[in-house]
Q: 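Mind having a look at this structure? Questions to follow.
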Amino acid sequence: MTTAGFRRGLVAALPFLVSNGAAGLVMGLTYKGLGLAAPQAVLFSLLVYSATAQAITLSMWAHPLPIFTMVVACIGTNSRYLLMGAHLRQLFGGLAPRKILLSLFLLADASWLMTSSDADRNGPDAGYLLGSSIPMAIGWVGGTALAYAVPVATNGSLKLAAALLPTMFIATLLPSQWKNARSPWPWLTSAVAALLVARFVDPGWSMLIGGGCGTLVSMLERKDG
Amino acid sequence: MDDLQVLGVICILGITCYAMRAGGYVLAASMRDDGIAARFLRLAPGNLFIAFIVGGCLSGGLAGLVGTMVALVTMAITAREWAALGAGFGAALAASMIGL
């Protein structure tokens with residue numbers, strides 16, 4: 001875990017202040033509409049810190065609160081974190097768990113994807129994970145708070161930035177990943193499987209199942225790993 | 001709705017989400033470095049990137065697809081993230097304005 005890695009991650013993830021801020025703002029406005037007080041909404045975004053888990057539990061908001069169903073929904077939508085966490089153990093296995101467990105509190109899809117890509121280029125550095133997680137968390141929690149602090153309405157470009165920036169950012173990581181690929185087949189498999197799962201099963205599972213199918217093809221085509 | 005109940009639910013959901021985040025890291029300690037699971041995890045990132053992007057493009061519609069493709073091509077040519085994101089967002093905004 002180095003200071004240089006932390007700084008590199010922090011700077012690289014700065015655009016997420018905007019995209020997560022916009023998405024957090026939309027989430028905050030929804031909480032506001034639901035009647036949640038500002039401290040409750042901010043605590044929700046801080047402790048749960050998962051757009052999918054928050055959106056799905058939001059859709060279940062009723063009186064009385066279906067707590068068990070909400071917990072099961074959180075486990076289902078966030079099961080991909082088990083895979084990400086296991087992969088991070090491969091990268092940072094030599095590090096004392098207490099040093100990484102705090103960073104895992106802020107683990108997000110994008111910070112994991114960025115950390116994996118950076119590990120390929122510069123070697124594993126847990127500082128990068130923490131550094132890249134911070135702008136994302138500030139954006140998300142800050143955006144939620146902003147919905148209560150100022151009278152704002154979501155407009156077209158704000159919604160577009162919130163929806164597209166994470167995808168575009170991960171797309172910018174692809175050229176460096178392509179250098180490690182031996183053939184296009186695993187990626188094609190991932191894309192087709194993700195497409196089918198998103199279309200016919202549930203968009204929430206497309207990353208995990210699509211990526212899993214592509215990885216199986218990668219395993220079949222090379223023995224070294 | 002009772003504030004204390006809402007607070008309790010937020011805490012329970014927060015603990016659940018953290019357990020999912022830390023669970024994989026803790027459980028992977030018992031994994032062999034040369035095992036199938038370890039190989040799977042080493043090869044997973046690039047494939048998960050693609051699946052993530054496909055999901056994002058689907059939810060972002062045609063404007064999202066245009067923006068993502070422009071960002072990808074710009075990154076491949078310039079190797080500059082700020083240029084790729086700027087071009088991608090500009091293209092997506094233009095595409096949505098013309099009704100794509």
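Note on naming: letters A, B, ... go to the chains in the order of the sequence lines (proteins, then strands), and numbering restarts at 1 for each one. A quick note: this is a predicted structure, and the numbers were derived from the prediction, not measured.
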Q: Under 4.5 Å, counting heavy-atom pairs only, tell me which of A:Leu83, A:Leu46, A:Asp120, A:Val197 racks up the most with chain B.
A: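 If we count pairs closer than 4.5 Å to chain B, A:Leu83 comes out on top.
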Q: Side chain, backbone, both or neither: which part of B:Ile15 has an atom under 4.5 Å from a heavy atom of chain A?
A: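 Answer is neither: B:Ile15 stays 4.5 Å or more from chain A.
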Q: Only counting residues at least two apart or in another chain, list the ones meeting side chain to side chain donor-acceptor pair (under 3.5 Å) with A:Asn78.
A: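 Partners of A:Asn78 under the side chain to side chain donor-acceptor pair (under 3.5 Å) test: A:Ser50.
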Q: Counting only non-hydrogen atoms closer than 4.5 Å, does A:Met84 touch chain B with its backbone (N, CA, C, O), its side chain (CB onward), both, or neither?
A: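 A:Met84 has no heavy atom closer than 4.5 Å to chain B.
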Q: Cut-off 3.5 Å, side chains only: do A:Gln54 and A:Tyr49 have a donor facing an acceptor?
A: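 No, no side-chain donor-acceptor pair sits under 3.5 Å.
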Q: Among A:Thr189, A:Leu188, A:Ile75, single out the residue with the greatest number of heavy-atom pairs under 4.5 Å to chain B.
A: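 Sorted descending by pairs with chain B, the first entry is A:Ile75.
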Q: Do you know which of A:Phe44, A:Trp178, A:Phe92 has the most heavy-atom pairs under 4.5 Å to chain B?
A: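 Ranked by heavy-atom pairs under 4.5 Å with chain B, first place is A:Phe44.
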Q: Do you know which of A:Val71, A:Leu208, A:Ile67, A:Val192 has the most heavy-atom pairs with chain B at a distance under 4.5 angstrom?
A: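 Looking at each option in turn, the highest pair count goes to A:Val71.
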Q: For B:Thr16 and B:Ile12, indicate whether the former's side chain and the latter's backbone hold a donor-acceptor pair under 3.5 Å.
A: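 Pair found, side chain donor or acceptor close to backbone of B:Ile12.
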Q: Do you know which of B:Ser96, B:Ala22, B:Cys11, B:Ala29 has the most heavy-atom pairs under 4.5 Å to chain A?
A: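 Ranked by contacts with chain A, first place is B:Ala29.
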Q: Show which side-chain atoms of residues 49-76 of chain B pair as donor or acceptor with protein atoms under 3.5 Å away, not counting sequence neighbours.
A:
{"from": "B:Ser59", "atom 1": "OG", "to": "B:Gly55", "atom 2": "O", "distance (Å)": "3.4"}
{"from": "B:Ser59", "atom 1": "OG", "to": "B:Gly56", "atom 2": "O", "distance (Å)": "3.1"}
{"from": "B:Thr68", "atom 1": "OG1", "to": "B:Gly64", "atom 2": "O", "distance (Å)": "2.7"}
{"from": "B:Thr74", "atom 1": "OG1", "to": "B:Val70", "atom 2": "O", "distance (Å)": "2.6"}

Q: So for A:Ala53, is it side chain, backbone, both, or neither that comes closer than 4.5 Å to the heavy atoms of chain B?
A: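 When you check distances to chain B, only side chain atoms of A:Ala53 fall under 4.5 Å.
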Q: Select, from A:Gln40, A:Arg80, A:Arg89, the one with the greatest count of heavy-atom pairs under 4.5 Å involving chain B.
A: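 Between A:Gln40, A:Arg80, A:Arg89, the count favours A:Arg89.
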Q: Is it the side chain or the backbone of A:Pro15 that comes within 4.5 Å of chain B heavy atoms, both, or neither?
A: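 The side chain, not the backbone.
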Q: To the nearest 0.5 Å, tell me how far A:Leu129 CG sits from A:Leu91 CG.
A: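 Nearest 0.5 Å value for the CG-CG distance: 9.5 Å.
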Q: Is there a donor-acceptor pair under 3.5 Å between the side chain of B:Asn47 and the backbone N or O of A:Gly211?
A: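 No, because the side chain of B:Asn47 does not come within donor-acceptor range (under 3.5 Å) of the backbone of A:Gly211.
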Q: Which of the residues A:Leu47, A:Leu36, A:Thr172, A:Leu14 is involved in the greatest number of heavy-atom pairs with chain B at under 4.5 angstrom?
A: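 Top count of heavy-atom pairs under 4.5 Å with chain B: A:Thr172.
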Q: To the closest 0.5 Å, what do you measure between CG (B:Leu43) and NE2 (A:His87)?
A: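 Atom-to-atom, B:Leu43:CG and A:His87:NE2 are 9.0 Å apart.
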Q: Would you call the rings of A:Phe105 and B:Tyr18 parallel, tilted or perpendicular, where under 30° means parallel and over 60° means perpendicular?
A: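 It falls in the tilted class, 30° to 60°.
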